[in-house]
Amino acid sequence: MNQNLLKSIALLLFVGGIFSCKPPQKAEAQKPNIIYIMSDDHAYQAVSAYGYGLNKTPNIDRLAKEGAIFSRACVTNSLCAPSRAAMLTGKHSFVNGKVDNAMPFNWDQDNFPKELQKAGYQTALIGKIHLNGLPQGFDYSAVLIGQGNYYNPDFVVNGEKKQIHGYVTNIIKDLALNWLKQRDTKKPFCLLFHQKAPHREWLPAPKYFKEYTKMKFKEPETLFDDYNGRGTAARTAEMNILKNMNWSGDNKIDPKIMDKFAIPENTTWGRNAYKNNLGRMDSGQRAAWDSIYVPINKAFEKAYPSMSEEDKMHWKFQRYMQDYLGCIASVDESVGKVLNYLDEAGLAENTIVVYTSDQGFYLGEHGWFDKRFMYKESFRTPLLMRYPKEIKPGTKIDNLVQNIDFAPTFLDYAGATVPSEIQGESFRKIVSGESTDFRDFAYYTYYEYPSIHMVKRHYGVATKRYKLIHFYYDVDEWELYDLEKDPNEMKNVYDDPEYADVQKMMHKKLEEVRKYYGDSDENNQKYIESYLDWQEQGRKNRLANQKKVNK
Ligand code: SGN
Ligand code: CA
């Protein structure tokens, strides 16, 4: 090759290099993108990266492999709407005002998406939010109405109601991908990608009907718990799989078969749920359903007459797991699709991806389903996070990170100011390994009582080692657990003389923590009164409506 030819090639490469290079990006575009994935009622026991061996979630697990997994992430209030309010505002329920699923949420208050918008981000909220009113802080929102439906659900897209055909998890995934693809590439983005599944009544996508209903799952060791080691609250809660799970709505038994054997339904809603959910299906979805669930019903019809109470519990647990984990299969698939998109679009490196749930869930532990308690399975929630620029693959975090910490963490990554009223703490330095200094406790409050599942009002404080809980309103009971000696929280040691010092130490901690966050018995009283007023108003309205109907 002669010198001139070499020079020409070098020149061509140089010029080509200049022109193929993307134009220098503005500082704004260098800010990390955020995809905050939240599902509804997804127990950490049902994320395979947590090692429980129940199911496989290879896509969600990718975040642990390529980033971090948190073993003690927990919520401030184990209920849907309050958890979402805490996550948006970075404040406890008694400060942001959304203490239960019933009372209204005030969107006018500040939230982290509003702060991100000020910092130059484009923001979107897609899926379930369960907070009344038009979402604020988002350039685009497409949300389900209340709990939403699994089949052919209704959405409110930027304030306009619209039914979308298909299976909810896939629709939410498609809406998220569409939004990502049409976004303004000059701005960083924050997408809240919030799945409805695997919320009750656990209706999987037709493509998973067959696979999951053939599976058999390992029962937890406390499935037949008699609640002897704990107080009134655990004994009176209505979340037992055998006693409180609906045969029709939850376990998908045709009411005709229930009538044949005079099986009483656990709630009036059970039968309606079955009818409503099946009633939303189109003929194709319904045919797929019938091909799998009719044979299950036939087998049940044959087996039921000789089933003992214990057999019924085994049967209900399996049916529950099949549908619940079948729903998660689609959630995991949707996560995979979004991660693939980030790879294909070259966005993986500069995007923070978080996977979490609005709270944990009981998968038969203590014989339960549902959540609400400050006990382990509902207090903890799955949390996995990837950000290749700062988080090393395979990172494991055991700090008591809570849902009020998301807002300050995201604002920290975005280089935005964290408003002083935010009560959470950024965990950015913890997860990057830069520091180990973090709050050593988690504070918890729960208010929705009397209500469905009848979990009594309580509050408490947890450290890595101990948990102190106070149940109040119609009881006055304290519980103390030694989480190291009793990881399943089977024995309340509050009155055990051996724990006298621990009891004192935890009471002191609780007092300090309540003062620190500004919580008090007066707050609790205020929320009891507003809840009772709200219930009374509801009763009056129902009576008035009844009178109108009778006229
Ligand atoms: C519904 C469920 C309950 C559940 C609440 C709150 N029953 O009422 O089991 O505890 O939602 O859940 S259902 O048969 O109507 O599904 S939350 O996740 O939205 O807080
Ligand atoms: Ca929930």
Side-chain angles (χ1 to χ4, degrees), residues 37-44 46 73-88 93 98-103 105 127-132 143-151 153 168-169 172 192 194-204 237-241 243-253 255 265-278 280 316 319-320 323-324 327-328 331 355-363 368-373 377-383 403 445-456 538:
I37 315 171
M38 182 186 266
S39 49
D40 195 353
D41 294 357
H42 190 169
Y44 60 86
C74 52
V75 292
T76 47
N77 183 339
S78 185
L79 199 60
C80 186
S83 167
R84 287 155 204 268
M87 144 310 252
L88 281 168
S93 305
K98 185 64 180 162
V99 300
D100 54 37
N101 276 345
M103 307 303 281
F105 174 66
K128 181 175 171 183
I129 190 66
H130 203 173
L131 295 170
N132 58 293
V143 295
L144 291 164
I145 302 168
Q147 294 285 7
N149 287 292
Y150 274 101
Y151 299 107
V168 73
T169 307
I172 293 172
L192 272 58
H194 289 188
Q195 288 292 7
K196 169 201 164 55
H199 192 275
R200 196 179 183 192
E201 293 90 13
W202 317 301
L203 293 150
E238 297 177 358
M239 331 201 298
N240 185 274
I241 294 177
K243 294 194 196 122
N244 309 108
M245 188 177 272
N246 292 320
W247 287 96
S248 53
D250 296 325
N251 295 142
K252 325 297 177 344
I253 289 304
E265 183 53 298
N266 291 315
T267 65
T268 43
W269 168 241
R271 284 171 182 239
N272 289 339
Y274 180 88
K275 214 171 114 200
N276 285 359
N277 289 325
L278 267 59
R280 291 193 73 89
K316 291 188 92 154
R319 279 281 39 260
Y320 167 35
D323 292 344
Y324 178 88
C327 287
I328 290 173
V331 172
Y355 185 87
T356 190
S357 170
D358 61 344
Q359 10 64 209
F361 213 67
Y362 294 95
L363 304 184
W368 286 333
F369 65 107
D370 214 64
K371 54 258 179 174
R372 297 162 192 268
F373 276 115
E377 288 78 5
S378 44
F379 179 49
R380 284 194 191 169
T381 195
L383 176 57
N403 49 355
T445 59
Y446 175 78
Y447 306 84
E448 199 177 272
Y449 177 88
S451 181
I452 185 167
H453 299 302
M454 295 302 275
V455 171
K456 292 191 188 294

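We count ligands from 1, going down the list as the structure has it; atoms in each ligand are counted the same way. All values below were derived from every heavy atom in this structure, side-chain atoms included, with hydrogens, water molecules and symmetry-related copies excluded.
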Asks: Identify, with sequence neighbours excluded, every residue that meets salt bridge (charged side-chain N to carboxylate O under 4.0 Å, His left out) alongside R372.
Replies: D370, E448
Asks: Please could you name the atoms of ligand 1 that W269 approaches to less than 4.0 Å, counting only its heavy atoms?
Replies: 13 (S), 14 (O), 15 (O)
Asks: Out of all atoms in ligand 1, which are within 4.0 Å of some heavy atom of R372? Include the element for each.
Replies: 4 (C), 5 (C), 6 (C), 10 (O)
Asks: Compute the shortest N/O to N/O distance between D250 and ligand 1 and return yes if it is under 3.5 Å, no if not.
Replies: no
Asks: Considering the heavy atoms of D40, write down every atom of ligand 1 situated less than 4.0 Å from one of them.
Replies: 18 (O)
Asks: Please list, in number order, the atoms of ligand 1 under 4.0 Å from a heavy atom of K128.
Replies: 19 (O)
Asks: Look only at the side chain of K196 and the backbone of G148, and say whether a donor-acceptor pair between them is shorter than 3.5 Å.
Replies: yes
Asks: Checking a contact table here: which protein heavy atom is nearest atom 6 (C) of ligand 1, and how many Å away?
Replies: N101 ND2, 3.5 Å
Asks: Pull out every atom of ligand 1 sitting under 4.0 Å from any heavy atom of H130, numbered as shown with elements.
Replies: 19 (O)
Asks: Which residues and atoms, counting only protein N, O or S, are under 3.0 Å from the Ca ion (ligand 2)?
Replies: D40 OD1, D41 OD1, D358 OD1, D358 OD2, Q359 OE1
Asks: Classify the ring geometry of W202 against F361: parallel below 30°, tilted from 30° to 60°, perpendicular beyond 60°.
Replies: perpendicular
Asks: Please list, in number order, the atoms of ligand 1 under 4.0 Å from a heavy atom of Q359.
Replies: 18 (O)
Asks: Show me which atoms of ligand 1 lie under 4.0 Å from any heavy atom of K371.
Replies: 4 (C), 6 (C), 10 (O), 12 (O), 17 (S), 18 (O), 20 (O)
